[in-house]
**Q** 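Below: one structure in C-alpha cells.
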2 protein chains.
Amino acid sequence: MRFDIDKLGLITYLCGMKKVVLIGSGNVATHLGKAFIDSGIKVLQVWSRSYENASFLAKELKCNASADIKNIIPDADAYIFSVKDDVLEEVVRMFPYKDKFLIHTAGSISIDLLKDYSSKYGVFYPLQTFSKQKEVDFTSVPILIEASSPTLLNKLSGLATSISEHVLPASSEQRKYLHISAVFSCNFTNYMYSLAESLLEENGLSFDLVRPLIKETAEKALLHSPKDVQTGPAVRKDMKIVNSHLDLLDSQPDVKALYAVLSERIIKDL
Amino acid sequence: MRFDIDKLGLITYLCGMKKVVLIGSGNVATHLGKAFIDSGIKVLQVWSRSYENASFLAKELKCNASADIKNIIPDADAYIFSVKDDVLEEVVRMFPYKDKFLIHTAGSISIDLLKDYSSKYGVFYPLQTFSKQKEVDFTSVPILIEASSPTLLNKLSGLATSISEHVLPASSEQRKYLHISAVFSCNFTNYMYSLAESLLEENGLSFDLVRPLIKETAEKALLHSPKDVQTGPAVRKDMKIVNSHLDLLDSQPDVKALYAVLSERIIKDL
C-alpha cells in the first residue's frame, strides 16, 4: 500500500486533526507537544504516570494535566501515546475510552499492539533523537506513519505534515529496520564518541580536539554514501597501525576488543 | 614540557618558516598544501612516489613536481612527509640531504622514526579526516606538534598557527591516543553510518531518512559530553527492544554480533 504524500498533504484541511491529548511527558512527548502547538495543533491535555512531570509539560504547552487517566478529556481527535516502549501496552490498557483514535510513537513496536483497544489506531514515529538539552527543528524530522485504514492514514498524514516536511508511510517491519538503523546512526555513534572522550580524558587531552572531526565526519555523511568516504587505518588495511593501536589498548580489554572487531569488519566489508 | 601557544604564535615572524617542500600527494598533502599557499607559505615543490600524482598536486599549488627524489630543491625551510604510514620510513630513507628539517604528519608514528635521518625533525599532525570529495576549513583543525628541540617546536608552531587556530604540543604517546580517539570518533562512526545505510537499502528505505539524525547526534556532541546525551534502547536498559532488534538481525550474524556487543557495552558503561 503506497500513498502519494503530496496529495495527502492537500487533504490536511479536509480531514484535519486539530486537537490531541498527549499520553506521556518524556523527551518525545515534550518535543512533539511543542511542535504541535507551534503549528496550531491544540494539545488539550497531558497525562503521564508521573503527575508532576505531566503538570510540568502541560504548563509548557499551556494546557492542563490530568491526574487520573480515567478523567482524560474524551473529545480529542487523537490520543498520542509517547511513553517508554516497555510500559506502552500497560498504559494503553489503562486508557478508559473505546474507539478513540489511538496513536503510538515507538519505532520498534508493531501497530498491532493497539488493535485490541480500539478500531482506530495508528503509528506516528518521528525519526530523531530527542533530549532535554537541545531544541529540535521538527520540519526536517522524518515522520513515519502507519494506520488501521487509508482514511486514518490520511488524517495522520495531515497531522504529520503540519509539523514536518518529511512524512512517509512505513510498515511496522520497515519501521523496525529504521529503528535499528537509527540505533547504529545515533546511539552507537554517540557511544563511539563517548569512548573517544574517555580515552582522551585518561590521557590528559580534551574532547574538544576531536569535535571538529566529529562535525566533519557527519557533514560528509550528509553529502555522500558513507561507504565511499570511509577513511582510517582499517580501510587502508594498514595493519601496522591497527596493531600498534591494539597494543596501546592492552590495559583496556573491552575497548581493545571493540577496536579489533570494528577494524576487522571494516577490512572485510569495505 | 609545555609551551604557551599564544607566546609561540607571536614568535612566528621571528623564526618564520616560509618555504616548504611536500613529500606526498595524497589527501593530507593536498589539503595541507592548499592551506599553506592560502596562508602565504610557499610550497616550493612536490615529490611523490607517483610522478603523475605529484604533478597533479604541483599544478594545483602552482609549483613544480620533482620526478626524482634526489633532485628535490635543497633550500626549503622544512620537508613535510605526508605519505602512507606504512611507507613513511622507506621514503624518508630515500631523502638525499643531511640535516634538513624533516617533518612527518602521521598520528601514530613516533617522532623517533626521523632521528636517524637528521638532527632536526618534528611532527605536524592535523587531526581531521581529509577526502578528495570535500574542502576543509583548516583554521578549525587542531594541529598537534612535536619537535626535536624547543627552537624547532617554535618554528613548527609558527608554521601551524599560520593555518590553524588550534595548535598544541603533544608527545608521540599522546598523539597515538589522539589517533585512536579519532578512529573511534570518525572511522568507526562512519562505519556505523555505513551499516545503517546497508540496513536501509536492504529494506527499500533511503539513507536520507537517518541523515537528520546523524546531523543532530553530531551537533549534540559538539555541545555536550556524549556520556550525558546517550539515548536509545540499550542505555534505557529496554531489553525487550534490544532483543527484538537482535531477532530481526538473525539473517546477518555479523551485524547482529556488533549490535549485541555495542548494546552490552552501553548497558555496562553508561
Side-chain angles (χ1 to χ4, degrees), chain A residues 85-86 108 127-129 131 133-134 140-142 174 176-178 180-197 199-200 203 205 209-218 220-222 224-227 229-232 234 238 240-241 244-245 248 254 262 265-266, chain B residues 85-86 108 127-129 131 133-134 140-142 174 176-178 180-197 199-200 203 205 209-218 220-222 224-227 229-232 234 238 240-241 244-245 248 254 262 265-266:
Chain A
D85 294 359
D86 54 358
S108 289
L127 184 54
Q128 188 49 283
T129 173
S131 44
Q133 295 93 332
K134 196 168 177 301
S140 65
V141 175
Q174 281 180 316
K176 216 168 184 176
Y177 278 110
L178 267 165
I180 299 180
S181 305
V183 168
F184 278 98
S185 308
C186 167
N187 310 148
F188 292 166
T189 285
N190 189 71
Y191 182 61
M192 297 296 121
Y193 299 160
S194 80
L195 288 174
E197 188 183 31
L199 281 166
L200 290 167
N203 291 283
L205 295 158
L209 286 166
V210 296
R211 282 191 160 121
L213 184 62
I214 285 173
K215 185 166 178 274
E216 180 73 12
T217 305
K220 227 180 266 187
L222 301 185
H224 302 282
S225 161
K227 288 178 194 71
V229 292
Q230 182 71 46
T231 56
D238 189 338
K240 213 165 144 182
I241 299 296
S244 84
H245 287 179
L248 209 61
D254 290 335
L262 289 169
R265 297 300 326 148
I266 291 173
Chain B
D85 294 359
D86 55 357
S108 289
L127 184 55
Q128 188 49 285
T129 173
S131 45
Q133 295 93 333
K134 196 168 176 302
S140 64
V141 175
Q174 282 181 315
K176 216 167 184 177
Y177 278 110
L178 268 165
I180 299 180
S181 305
V183 168
F184 278 98
S185 310
C186 166
N187 309 146
F188 291 166
T189 285
N190 189 71
Y191 183 60
M192 297 296 121
Y193 300 160
S194 80
L195 288 174
E197 187 183 32
L199 281 166
L200 290 167
N203 291 283
L205 295 158
L209 286 167
V210 296
R211 283 191 159 121
L213 183 62
I214 284 172
K215 185 165 177 275
E216 180 73 11
T217 306
K220 227 180 266 187
L222 301 185
H224 301 281
S225 161
K227 289 179 194 72
V229 293
Q230 182 70 48
T231 56
D238 189 338
K240 213 164 146 182
I241 299 296
S244 84
H245 288 178
L248 208 62
D254 289 334
L262 289 169
R265 297 299 326 148
I266 290 173

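We use all heavy atoms of the structure for the numbers below, so side chains are in, but hydrogens, waters and symmetry mates are not. To find a chain, count down the sequence lines: A is the first, B the second, and so on, and within it residues start at 1.
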**Q** Indicate the atoms forming the closest heavy-atom contact of A:Tyr191 with B:Leu262, along with that distance.
**A** CD2-CD2, 4.1 Å
**Q** Please check if any side-chain donor atom of A:Gln230 sits under 3.5 Å from a side-chain acceptor atom of B:Asn190, or the reverse.
**A** yes
**Q** Below 4.5 Å from any heavy atom of chain B, which atoms of A:Ile241 appear? Answer side chain, backbone, both or neither.
**A** side chain
**Q** For chain B, which of A:Val229, A:Asp86, A:Leu127, A:Leu209 has the most heavy-atom pairs under 4.5 Å?
**A** A:Leu209
**Q** So for B:Val183, is it side chain, backbone, both, or neither that comes closer than 4.5 Å to the heavy atoms of chain A?
**A** side chain
**Q** Do other residues, nucleotides or ligands put more than 12 heavy atoms under 6.0 Å from the NZ atom of B:Lys134?
**A** yes
**Q** Determine, for A:Lys240 against B:Asp85, whether the closest basic-nitrogen to carboxylate-oxygen distance falls under 4.0 angstrom.
**A** no
**Q** Which pair of non-hydrogen atoms, one from B:Pro212 and one from A:Ser140, has the smallest distance, and what is that distance?
**A** CG-O, 3.4 Å
**Q** By a 4.5 Å heavy-atom criterion (distance strictly below it), what part of B:Leu200 contacts chain A: side chain, backbone, both, or neither?
**A** both
**Q** If you compare all heavy atoms of B:Gln128 against all heavy atoms of A:Glu216, which two are closest, and at what distance to 0.1 Å?
**A** OE1-CB, 3.3 Å
**Q** Among B:Ile266, B:Leu248, B:Leu178, single out the residue with the greatest number of heavy-atom pairs under 4.5 Å to chain A.
**A** B:Leu248
**Q** Can you name the closest pair of heavy atoms from B:Ser131 and A:Lys220 and give their distance?
**A** OG-NZ, 2.7 Å
**Q** So, taking the atom named CZ in B:Phe184 and the one named NE2 in A:His245, what distance separates them when rounded to the nearest 0.5 Å?
**A** 10.0 Å
**Q** Check whether the side chains of A:Thr231 and B:Thr129 place a donor and an acceptor atom closer than 3.5 Å, and report yes or no.
**A** yes
**Q** Crowded around A:Lys215 NZ? As in, over 12 foreign heavy atoms under 6.0 Å?
**A** no
**Q** Quick one: which of B:Ser181, B:Ala218, B:Gly232 has the most heavy-atom pairs under 4.5 Å with chain A, could you say?
**A** B:Ser181
**Q** Give me the atom names and distance for the closest heavy-atom approach of B:Ala221 to A:Tyr193.
**A** CB-CD1, 3.4 Å
**Q** So for B:Leu205, is it side chain, backbone, both, or neither that comes closer than 4.5 Å to the heavy atoms of chain A?
**A** side chain
**Q** For the backbone of A:Ser225 and the side chain of B:Glu197, can you confirm whether one donor and one acceptor N or O come within less than 3.5 Å of each other?
**A** no
**Q** Of all the heavy-atom pairs spanning B:Ser244 and A:Lys176, show the shortest one and how long it is.
**A** OG-CE, 3.3 Å
**Q** For chain B, which candidate among A:Ser194, A:Ala182, A:Ala234 shows the most heavy-atom pairs at distances under 4.5 Å?
**A** A:Ser194
**Q** Sort out for me which of B:Leu195, B:Leu199, B:Val141, B:Asp254 touches chain A most, counting heavy-atom pairs under 4.5 Å.
**A** B:Asp254
